[in-house]
Amino acid sequence: MLKPWIAYILIPLPVHLALTLMARSDQFADSPLQHFWVRVAIAATVTAIATTLFTRPTVTEDPT
């Protein structure tokens, strides 16, 4: 599983970069994606969801 501190570094940067590249395209020319803080909020949301899904603790002992 992914360690949370690694996820908080590795996930938001590429997400924000991808959103920035999308914002520069003609398709998203007049969209809210043009605003820096919208891209930050989307990257933070994706990071929170991915971190929750991929850093779940694994059971190493039998609970009984």
Side-chain angles (χ1 to χ4, degrees):
M1 296 308 301
L2 194 61
K3 300 230 183 249
W5 65 271
I6 294 173
Y8 290 131
I9 294 171
L10 293 180
I11 296 172
L13 295 175
V15 170
H16 192 271
L17 178 64
L19 292 171
T20 300
L21 293 174
M22 286 173 53
R24 292 183 178 180
S25 69
D26 292 336
Q27 183 178 1
F28 297 100
D30 293 327
S31 72
L33 208 52
Q34 292 291 323
H35 301 286
F36 175 80
W37 292 111
V38 171
R39 295 190 306 267
V40 168
I42 293 170
T45 303
V46 169
T47 301
I49 292 169
T51 304
T52 301
L53 293 175
F54 296 120
T55 60
R56 288 184 278 167
T58 57
V59 177
T60 56
E61 296 179 13
D62 186 18
T64 57

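Rounding to the nearest 0.5 Å gives a distance of 10.0 Å between CD of Gln27 and CG of Leu33.
In the hydrophobic cluster analysis, where Ile, Leu, Val, Met, Phe, Trp and Tyr join through side-chain heavy atoms closer than 4.5 angstrom, Leu13 is grouped apart from Ile49. The hydrophobic cluster containing Val38 also contains Val15, counting ILVMFWY residues as joined when their side-chain heavy atoms lie under 4.5 angstrom apart, directly or transitively. Met22 is connected to Ile42 through a chain of hydrophobic side-chain contacts under 4.5 Å among Ile, Leu, Val, Met, Phe, Trp and Tyr, so both are in one cluster.
In terms of heavy-atom proximity, Leu19 sits nearest to Ala43 at CD1-N, 4.4 Å. Residues Phe28 and Gln34 come closest through the heavy atom pair O-NE2, 3.0 Å.
Pairs of residues two or more places apart, or lying in two chains, that qualify as side chain to side chain donor-acceptor pair (under 3.5 Å) and include a residue from residues 38-53 are Thr20-Arg39.
Members clustered with Leu21: Leu17, by chain and number, using a 4.5 Å side-chain heavy-atom cutoff among hydrophobic residues.
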